[in-house]
Engineer: 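Shown below is the structure under consideration.
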Amino acid sequence: MKITFWGVRGSYPVPGAATVRYGGQTSCVEARSAAGDCVIVDAGTGMRALGNKLVREMTGPQRYNVLLSHVHWDHIQGLPFFSPAYVPGTKIAVHALLTAADELQQVIGGITRHEFFPMPLEAVPAQFEFHQVEPGVEFDLGAFHVTPIALNHPFGSVGYRIDGDGSSWAYIADTAPFTDVLHKQHFLAGPEPLSDGDKTSLGTMREALLRKLQGVDTVVYDTHFLPDEYARFPHFGHSTPDQALEICVEAKVRRLVLYHHAPSHSDEQMDQIAAQYLAKGEKLGIEVLTSFEGMTLPIGVEPAT
Ligand SMILES: [Zn+2]
Ligand SMILES: [Zn+2]
């Protein structure tokens, strides 16, 4: 199994001279099994280039599975520009954490309403299916076994552990640490003092995340903020690399990949972050990589040759 990063940015796309090397497109990762099965995690603007590649590779009608962490703009905006959707015979199954699959259809249908986009969802040649995921309810998609994990983000978000080809990786975005913000809290309300009940549910969420990440090879984690930025915007619902490291070290993960970079971080800043946390990880016995657009990683330790 290998994964490829098509968009590594959080919040909104930032193409331009300052982001040429790490990339300016928003969240999208492709996983491929050795047999060629594909699963796409998140549908940010990085999905557009992925779609173009998939159309070039197409040999006949295809079915694609798209796992959404949540439906904030930076995780769905690429979907209307995913070119396989315009190839007749294509099937696209969208899986997401929402109260009902028909609500998900309304969200995706909503962003392609005629005010926003020239072609409504019903007119798109591909056939769309919508599936609701629930934390703790595991399912199989071809060569992959998928475990949804509840995360701490305004209005909720879900991470995915994905097992395949004898190894595993996890996609943990978007999430705040498990100390400040509850998923049910409204963004504008900001962080509020936590009640005992809040503390218990956040503690339960953290424990469940640790259990699911136990021994996972590679964890891609929302590390949007540096610690000083996090202190100013805890209610945005994102983590720092230090918070990701803490979770990954506790879960005995082999490799952490920094992801969902703040749009304000230039390539120069990203170089500093990458070097700083690679060194921090070395001291803690964990490999820390920083994702960039176009990066492909094999999952699992390569057999010695
Ligand atoms: Zn996001
Ligand atoms: Zn979000």
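When a ligand or atom number is given, it counts from 1 through the structure's own listing order.
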Engineer: Can you tell me if, anywhere in His260, an N/O/S atom lies at a distance from the Zn ion (ligand 1) that is smaller than 2.8 Å?
Structural biologist: yes
Engineer: Is it true that a side-chain atom of Glu293 and a backbone atom of Gly24 form a donor plus acceptor pair closer than 3.5 Å?
Structural biologist: yes
Engineer: Is His224 close enough to the Zn ion (ligand 1) that one of its N, O or S atoms comes in under 2.8 Å?
Structural biologist: no
Engineer: Considering only N, O or S atoms, which atom of Asp74 is nearest to the Zn ion (ligand 1)?
Structural biologist: OD2
Engineer: Any sub-3.5 Å donor-acceptor pair from Asp222's side-chain atoms to Ala176's backbone N or O?
Structural biologist: no
Engineer: If I consider every N, O or S atom in His72, which one ends up closest to the Zn ion (ligand 2)? I only need its name.
Structural biologist: ND1
Engineer: Report yes or no: does Asp37 contribute a side-chain atom to a donor-acceptor pair with the main-chain N or O of Phe144 at less than 3.5 Å?
Structural biologist: no
Engineer: Backbone N or O of Leu54 within a donor-acceptor pair of the Glu57 side chain at under 3.5 Å?
Structural biologist: no
Engineer: Using only N, O or S atoms, tell me which atom of Asp174 is closest to the Zn ion (ligand 2).
Structural biologist: OD2
Engineer: Could you walk me through whether His260 and Asp74 satisfy the side chain to side chain donor-acceptor pair (under 3.5 Å) test, starting with their C-alpha distance in whole Å, then the side-chain angles of each, then the deciding distance to 0.1 Å, before giving a yes or no?
Structural biologist: CA-CA 10 Å; His260 200 281; Asp74 51 324; 3.0 Å; yes
Engineer: At the Zn ion (ligand 2), what angle lies between atom NE2 of His153 and atom NE2 of His70, rounded to 10 degrees?
Structural biologist: 100°
